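These numbers come from a predicted model, not from an experiment.
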Amino acid sequence: MYDAIVVGARCAGAPTAMLLAREGFRVLLLDRDTFPSDIMSTHYIHPPGVAALSQWGVLDAVLASGCPPLRRTSFALGPQVTVSEHDPEGRAIALCPRRHVLDKILVDAAVKAGVELREDFVVRDLLFAPDGAVTGITARDAAGRTVSEEARIVVGADGLHSRVARLVQPTEYNRVETLLCAYYSYFSGVEVERDCIYLYGTLGAGVLAFPTNRSLLCIAAARPRAQMAAFRANMEAAFFESIELANAEFAARVRAGRREERFLGTGDLPHYFRKPYGPGWALVGDAGLHLDPTNGLGITKAFSEVQLLAPALAAGLRGQRPMDEALAEYHARRDQQWVPLGQQNLEMSSAVGLAAPGRFRPWSEIEAEIAAAP
């Protein structure tokens, strides 16, 4: 019997497991992948997320990987470009590490803290008690065997297509279908400032560019999802056309560089909130709350949720508070922070025609409606 099983070992799962293990709990961390390995991501970590890395004691390892500290943002919706500093005193930085670098550092920190890690381990189902509470998982291990493990709490940190979420069927709210598709790759030889990120947009197109490891520039282009088939038919041409629309001067710099890796991308980028807990289970990261990549909030959001969830789980596991009460507070605090930030992200997407307008509401309103329904 484990205290906690965490399904998904990337930027939400690994630090959750690590923080619980540092508190003395027996934690099993599972992932279908092996590490290091890559995954689709905007990569960007806002300064509050970098502060979390520092607090957890892993920031030096990320910086030592060659990931440059980012101190400024070049931003434009239209031709007028504004460059702003994240912190006039230069102390707050952002980062854009490659995911095979960041996730490996987080997984190693979790193992160092005492977490038991199982890679190439695919969760198939959950175990349930007669009263419906989750009590563990059933999975296929690296040798192809069926394995079952039990725990006092199972945490789904398994991303946008979370199997844990599908199995527990949490209430979903604030869903807004995005209208965008986004594709990115890595470029060398592009003339940019290595301490600056680039955010450019116009009606129907957006571009994000971040200096990352190995002196490469990660560049992402977003277009209306209705153009996805045409984008995929001639990826290179559509990609540069998107950058031209967003900022012609930046496009000229990118054309002078060289693409070093294949394009990655998707049109599956909805906004949603889910009730992130129930009897015997909790959700963290994109499993419980997903935003489109317009403002590059994904990793920072995951880290902020981890910092709320881990103490709540620890209090519940120790018996200091009823687990349901502790996780309800986690839910409320998550939404208090991310309903307004998610709304800003949605409004930025809709301003350039890449998401339908909508209003994110706090769970308290949704819950009251559910309670009042016949």
Identify whether NZ of Lys or CZ of Arg in [X] sits under 6.0 Å from the centre of the six-membered ring of [Y] and within 45° of that ring's axis.
| X | Y | result |
| --- | --- | --- |
| K275 | Y277 | yes |
| R175 | Y272 | no |
| R259 | F239 | no |

Any chance you could lay out the side chain to side chain donor-acceptor pair (under 3.5 Å) test for S74 and Y200, step after step, and finish with the verdict?
CA-CA 8 Å; S74 179; Y200 299 139; 2.8 Å; yes
Can you tell whether the side chains of [X] and [Y] come within less than 4.0 Å, N to carboxylate O?
| X | Y | value |
| --- | --- | --- |
| E23 | R318 | yes |
| R152 | D3 | yes |
| E244 | R255 | yes |
| K112 | D108 | no |

>> I'd like to know if the side chain of R333 pairs up with that of S304 as donor and acceptor (distance under 3.5 Å, no hydrogens or angles considered).
In response: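 Side-chain D/A pair, R333 to S304: absent.
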Exercise for the section: Could you tell me whether the side chains of T266 and D268 share a donor-acceptor contact shorter than 3.5 Å? Expected result: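 Short answer, no.
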From [X] atom [atom1] to [Y] atom [atom2], the distance as rounded to the nearest 0.5 Å:
| X | Y | atom1 | atom2 | answer |
| --- | --- | --- | --- | --- |
| E85 | C196 | CD | SG | 10.0 Å |
| I45 | C67 | CD1 | SG | 7.0 Å |
| C11 | E305 | SG | CD | 9.5 Å |
| R321 | E329 | CZ | CD | 4.5 Å |
| T202 | L245 | OG1 | CG | 7.0 Å |
| D292 | H290 | CG | NE2 | 8.0 Å |

Other residues, nucleotides and ligands only: do more than 12 of their heavy atoms fall within 6.0 Å of [atom1] on [X]?
| X | atom1 | result |
| --- | --- | --- |
| E191 | CD | no |
| R166 | CZ | yes |
| Q80 | CD | no |
| R232 | CZ | no |

Distance-minimising heavy-atom pair for [X] and [Y]:
| X | Y | result |
| --- | --- | --- |
| V306 | P311 | O-CD, 4.0 Å |
| A282 | I153 | N-CD1, 4.4 Å |
| R98 | N213 | N-OD1, 2.9 Å |
| L289 | K301 | O-NZ, 2.7 Å |
| G132 | F128 | O-CD2, 3.4 Å |
| A287 | G156 | CB-O, 3.5 Å |

Measure the shortest side-chain to side-chain distance between [X] and [Y] over non-hydrogen atoms and say whether it is less than 4.5 angstrom.
| X | Y | value |
| --- | --- | --- |
| L179 | P224 | no |
| V101 | V62 | no |
| M348 | L77 | yes |
| W281 | L126 | no |
| I93 | H86 | no |
| E116 | E149 | no |
| E261 | Y184 | no |
| L59 | V50 | yes |

**Asked** ring pair (Phe, Tyr, Trp, His ring centres under 6.0 Å) between W363 and F273: does it pass, once the steps are laid out?
**Response** CA-CA 9 Å; W363 169 248; F273 288 65; over 10 Å; no
Is there a continuous path of hydrophobic side-chain contacts, each under 4.5 Å between heavy atoms, that joins [X] to [Y]?
| X | Y | answer |
| --- | --- | --- |
| L127 | Y2 | no |
| L308 | V155 | yes |
| F240 | F263 | yes |
| V107 | V115 | yes |
| L346 | I366 | yes |

Measure from the side-chain N and O atoms of [X] to the backbone N and O of [Y], and report whether any donor-acceptor pair falls under 3.5 Å.
| X | Y | value |
| --- | --- | --- |
| D31 | E119 | no |
| S242 | A222 | no |
| H271 | G342 | no |
| D103 | A9 | no |
| T212 | C96 | yes |
| T42 | P293 | no |
| D141 | R145 | yes |
| R22 | A17 | no |
| R124 | T138 | no |
| R334 | G288 | yes |

Stepwise salt bridge (Lys or Arg N to Asp or Glu O under 4.0 Å) check, D158 with R32
CA-CA 9 Å; D158 46 343; R32 63 170 52 245; over 6 Å; no
Ring geometry between Y198 and F250 (parallel below 30°, tilted from 30 to 60°, perpendicular above 60°):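 The arrangement is parallel - the two ring planes meet at less than 30°.
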Angle between ring planes, W56 versus F303, binned at 30° and 60°: parallel, tilted or perpendicular?
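It falls in the perpendicular class, over 60°.
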Query - side chain to side chain contact (heavy atoms under 4.5 Å, CB included) evaluation trace for F35 with V111 - result: CA-CA 12 Å; F35 297 90; V111 171; over 6 Å; no
### Query
Does Y44 have any side-chain hydrogen bond (donor to acceptor under 3.5 Å, both in side chains) partners at least two apart in sequence or in another chain, and if so, which?
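None.
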Side chain to side chain contact (heavy atoms under 4.5 Å, CB included) between R10 and I39, intermediate numbers included
CA-CA 9 Å; R10 293 192 181 270; I39 191 171; 3.6 Å; yes
What residue among V123, V6, V147 forms side chain to side chain contact (heavy atoms under 4.5 Å, CB included) with L30?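 Among V123, V6, V147, the one that satisfies the side chain to side chain contact (heavy atoms under 4.5 Å, CB included) with L30 is V123.
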- Query: Under the side chain to side chain contact (heavy atoms under 4.5 Å, CB included) criterion, do R361 and N174 qualify, and how do the steps go?
  - Reply: CA-CA 7 Å; R361 298 187 295 161; N174 288 334; 4.0 Å; yes
